Amino acid sequence: MLQVQYIKDHREEVINLLAIKNFKASDLIQQVIDLDIKRRNSQKKLDDLLAESNRSAKEIGMLYKTGKVEEANKLKEVTIEYKHEAKVLSDRLGEVSDQLNALLLEIPNVPHPSVPGGNTEQDNVLVFEEGSFPELDEKALPHWDLIKRYDIINFELGNKVTGAGFPFYKGKGARLQRGLINFFLDRALEAGYIEYQTPLLVNRDSGYGTGQLPDKDGQMYKINEEDYYLIPTAEVPITNIYRNSILKAADFPIKNVAYSNCFRREAGSWGKDVRGLNRLHQFDKVEIVQIQHPEKSYETLEEMKDHVASLLRELKLPFRIMRLCGGDLSFTSALTYDFEVFSGAQKKWLEVSSVSNFESFQANRLKFRFKDTDGKTKLTHTLNGSALALPRIVAALLENNQTEEGIRMPEVLIPYTGFEVIS
RNA sequence: GGAGAAAUGGCAGAGUGGUCGAAUGCGGCGGUCUUGAAAACCGUUGAUCGUUUACGCGGUCCGGGGGUUCGAAUCCCUCUUUCUCCGCCA
């Protein structure tokens with residue numbers, strides 16, 4: 001959520017930058033500014049009335065003390081009137097505030113000036129590419145065939161026990177999952193992150209805090225009995241740790257990492273590009289989150305980008321980094337790098353990580369502030385990234401490393417998997 | 001699940017209807033003293049909204065929400081959480 005003051009001070013800039021996201025903001029922003037004036041007027045009226053009412057109440061106390069009961073009773077009648085008026089004003093203020101808030105929730109984050117224009121992923125800009133495509137022969141199999149051949153991931157069982165998109169991992173498939181999770185966590189710890197295990201269910205306030213609600217309501221699984229949501233990413237619980245809190249400038253940077261299951265309904269996107277591990281309803285992910293001083297958040301974004309790149313390099317997967325264009329950028333993000341690995345048999349780039357700077361957009365919703373060295377309380381900047389999401393990494397590892405003798409694990413994973421070949 | 005107790009500022013802990021945004025202690029910050037540090041002493045120390053060029057002034061906040069009252073940290077209702085005892089349980 002953007003701050004009203006910021007919108008007022010940077011009106012034209014906000015409108016122009018939001019246009020990069022293909023968001024027409026001028027009408028909304030006019031409404032926000034009008035409502036803000038209305039809100040402040042209502043607030044002033046109410047405050048003045050309450051001040052008067054408070055003065056009367058004190059005076060009545062004094063009158064009682066000095067035995068002037070009649071005068072006190074007279075004053076009471078006046079004060080009761082104040083109370084009725086205050087109720088009306090307070091209701092009006094509440095309405096105006098709610099309206100204003102609802103409008104603010106509709107305005108997406110302002111993109112960083114370096115975000116390219118464009119509508120779809122076709123318009124994303126390649127910023128880095130590394131590694132060579134695997135040399136596979138004609139008979140190379142896509143991962144959905146490989147997993148059957150070696151009996152390591154079973155979709156049919158998942159269909160039977162739960163439904164589509166909830167596979168079982170079995171034998172070396174399960175051990176590969178466990179190995180990757182530990183590998184990613186260890187690398188994050190070496191980079192100075194603190195490990196967390198989080199709840200997999202969060203409440204409504206947390207959903208609003210990180211921006212999944214209200215706009216992505218239908219994408220999360222919901223527990224109706226408790227009004228809880230299954231997390232789509234560990235970003236939600238990890239970032240909501242800091243909801244309604246105030247840090248010191250010396251606390252930066254905060255670096256957290258969490259492995260979690262992630263649950264996504266993927267409503268609307270089922271049907272294409274979803275074969276095998278390409279898109280699941282439940283998957284595993286190691287997520288890194290950083291909390292940073294506003295002046296340093298873009299340095300931090302680069303650091304996180306480098307961390308993710310180093311993981312892919314170690315796994316010897318060919319990858320590229322894309323700067324998302326305005327149309328592909330999420331509601332909450334100011335700048336996002338997507339990481340894609342090349343999956344040799346599908347001959348496709350698969351998105352395996354998304355590293356974003358949300359600037360103060362989440363922090364404003366979260367009421368997550370810090371006391372700066374100048375003594376002022378300001379909003380923090382929040383960033384996060386996948387490091388990494390497992391299923392597509394597994395898909396690429398299986399496809400790119402297949403040989404006549406089986407699937408060879410990359411050197412770096414062998415201590416983690418405990419085996420060299422899936423055969 | 002049942003019975004009881006509790007929730008106050010960064011922490012501990014007073015406060016049961018009228019200058020209480022809240023005593024006191026610890027911690028934090030500034031200063032005096034000291035070669036330096038500690039101790040001691042003095043001062044200061046919450047968030048948020050509105051208003052003001054500014055000094056300041058005003059509103060709101062004592063777990064969340066609602067109510068009683070001219071006036072609520074204090075009384076009532078409700079929800080949540082924590083603790084103790086019992087039950088159940090990986």
Side-chain angles (χ1 to χ4, degrees), chain A residues 1-9 32-105 197-209 213 223-229 237 240-252 254 261 291 360 363-380:
Chain A
M1 189 158 76
L2 298 176
Q3 295 180 96
V4 176
Q5 194 57 48
Y6 183 84
I7 293 175
K8 276 165 37 185
D9 293 344
V32 163
I33 289 170
D34 291 345
L35 271 173
D36 182 59
I37 292 168
K38 232 171 141 182
R39 195 198 99 244
R40 295 211 315 274
N41 287 339
S42 302
Q43 176 94 55
K44 178 94 177 78
K45 270 188 204 157
L46 176 63
D47 286 357
D48 289 348
L49 185 64
L50 287 174
E52 190 55 42
S53 172
N54 286 343
R55 269 193 292 277
S56 297
K58 270 177 193 162
E59 206 180 328
I60 290 168
M62 294 303 288
L63 289 172
Y64 273 126
K65 249 181 204 164
T66 51
K68 298 173 180 164
V69 177
E70 249 179 64
E71 281 183 53
N73 287 337
K74 235 181 236 171
L75 194 51
K76 260 193 202 179
E77 283 172 34
V78 181
T79 314
I80 287 173
E81 269 315 302
Y82 289 154
K83 209 180 136 180
H84 294 319
E85 285 177 48
K87 173 86 176 123
V88 173
L89 288 175
S90 153
D91 285 351
R92 191 179 304 160
L93 176 62
E95 270 172 44
V96 172
S97 299
D98 287 350
Q99 283 173 25
L100 179 58
N101 213 38
L103 289 184
L104 286 171
L105 283 174
Q197 278 200 27
T198 75
L200 301 180
L201 267 54
V202 294
N203 59 30
R204 182 174 287 271
D205 284 346
S206 295
Y208 275 96
L213 292 176
I223 313 287
N224 282 313
E225 288 75 8
E226 311 283 350
D227 205 19
Y228 291 159
Y229 294 86
N240 271 284
I241 291 172
Y242 306 99
R243 180 147 43 84
N244 287 322
S245 60
I246 300 179
L247 302 178
K248 297 191 281 283
D251 294 332
F252 295 127
I254 290 178
N261 301 118
I291 313 299
S360 60
N364 192 31
R365 286 197 182 189
L366 291 160
K367 299 242 172 353
F368 177 19
R369 292 150 296 168
F370 71 102
K371 187 156 266 193
D372 207 350
T373 42
D374 62 10
K376 289 198 177 126
T377 306
K378 304 173 184 170
L379 293 171
T380 65

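Reminder, nothing fancy here: chain letters follow the sequence lines and each chain counts from 1. Values in this document were obtained by computation on a predicted structure and should not be read as measured data.
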Whole-Å C1' distance, B:rG65 and B:rA7
16 Å
Rounded C1' spacing from B:rA14 to B:rC88 in Å:
40 Å
Which pair of heavy atoms, one from A:Asn73 and one from A:Tyr64, lies closest together, and at what distance?
OD1-OH, 3.2 Å
Can a donor-acceptor pair be found, under 3.5 Å and without considering hydrogens, that links the side chain of A:Thr79 to the backbone of A:Leu75?
yes
Could you give me the CA-CA distance, side-chain angles and deciding distance for A:Lys74 and A:Glu71, then say whether salt bridge (Lys or Arg N to Asp or Glu O under 4.0 Å) is met?
CA-CA 5 Å; A:Lys74 235 181 236 171; A:Glu71 281 183 53; over 6 Å; no
Here the pair of heavy atoms bringing A:Pro199 nearest to A:Pro237 is O-CG, 3.8 Å
Starting at the 5' end of RNA chain B and moving along, which residue's nearest nucleotide shows up first, A:Lys65 or A:Lys371?
A:Lys65
Please report the distance separating the C1' of B:rG46 from the corresponding atom of B:rU8, rounded so that it comes out in whole Å.
13 Å
Determine the contact category for A:Lys248: base if any of its heavy atoms lies under 4.0 Å from a base atom, sugar-phosphate if only primed atoms, P, OP1 or OP2 are that close, otherwise nothing.
nothing
Interatomic distance at P, B:rC11 relative to B:rG64, whole Å:
14 Å
What's the gap between B:rA73 and B:rG25 when it is taken at their P atoms, as a whole Å value?
24 Å
I'd like the P distance from B:rG63 over to B:rG10, given in whole Å.
13 Å
Pull out every protein N or O sitting under 3.5 Å from an N or O of nucleotides 74-79 of chain B, one pair per line with the distance.
none

Would you say the side chain of A:Tyr229 lies within less than 4.5 Å of the side chain of A:Ile223, judging by non-hydrogen atoms?
no
What pairs of donor and acceptor atoms, side-chain ones from residues 86-101 of chain A against any protein atom, are under 3.5 angstrom apart with sequence neighbours left out?
unit_1, atom_1, unit_2, atom_2, d
A:Ser97, OG, A:Leu93, O, 2.9

Tell me every residue that passes salt bridge (Lys or Arg N to Asp or Glu O under 4.0 Å) with A:Lys8, counting only those two or more places apart in sequence or in another chain.
A:Asp36
Could you tell me how far B:rG59 sits from B:rA22 if I compare only their P atoms? Round to whole Å.
13 Å
Over 60° means perpendicular and under 30° means parallel, so tell me whether A:Phe252 and A:Phe370 are parallel, tilted or perpendicular.
perpendicular
Rounded distance (Å) that lies between atom P of B:rC57 and atom CD of A:Glu52
18 Å
Whole Å only: how far is the CG atom of A:Leu50 from the C1' atom of B:rC61?
13 Å
If pairs are Watson-Crick or G-U with both distances under 3.5 Å, what is the dot-bracket string of RNA chain B, marking crossing pairs with [ ] and pairs to another strand with |?
((((((((.[[[..)..(.....]]]((((((.......))))))((((((....)))))).[[[[[..)....]]]]])))))))....
Find out whether A:Ile7 and A:Leu104 are in side-chain contact, i.e. whether some heavy atom of one side chain is under 4.5 Å from a heavy atom of the other.
yes
Within this structure, what is the CG-to-P distance between A:Asp227 and B:rU80, rounded to whole angstrom?
13 Å
If the C1' atom of B:rC20 is compared with that of B:rG15, how far apart are they to the nearest Å?
9 Å
Close side-chain approach of A:Val4 to A:Arg39, heavy-atom, < 4.5 Å:
no
Is a donor on one side and an acceptor on the other found under 3.5 Å between the side chain of A:Asp251 and the backbone of A:Lys248?
yes
In 5'-to-3' order, the base (B), backbone-only (S) or no-contact (-) status of each nucleotide in nucleotides 65-71 of chain B, using a 4.0 angstrom heavy-atom cut-off, is ----BBS
Taking A:Asp374 for the side chain and A:Lys376 for the main chain, is one N or O donor matched with an acceptor at less than 3.5 Å?
yes
Verify side chain to side chain contact (heavy atoms under 4.5 Å, CB included) between A:Asn240 and A:Leu366, making sure each step is shown before the conclusion.
CA-CA 7 Å; A:Asn240 271 284; A:Leu366 291 160; 3.2 Å; yes
Just the table, please: protein N/O against nucleotides 48-54 of chain B N/O, every pair under 3.5 Å.
unit_1, atom_1, unit_2, atom_2, d
B:rU48, OP1, A:Arg369, NH1, 3.0
B:rC49, O3', A:Arg39, NH2, 2.8
B:rC49, O2', A:Gln43, OE1, 2.7
B:rG50, OP1, A:Arg39, NH2, 2.7
B:rU51, OP1, A:Arg40, NE, 3.0

All heavy atoms of A:Tyr242 vs all of A:Ile254, minimum pair found to be OH-CG2, 3.3 Å
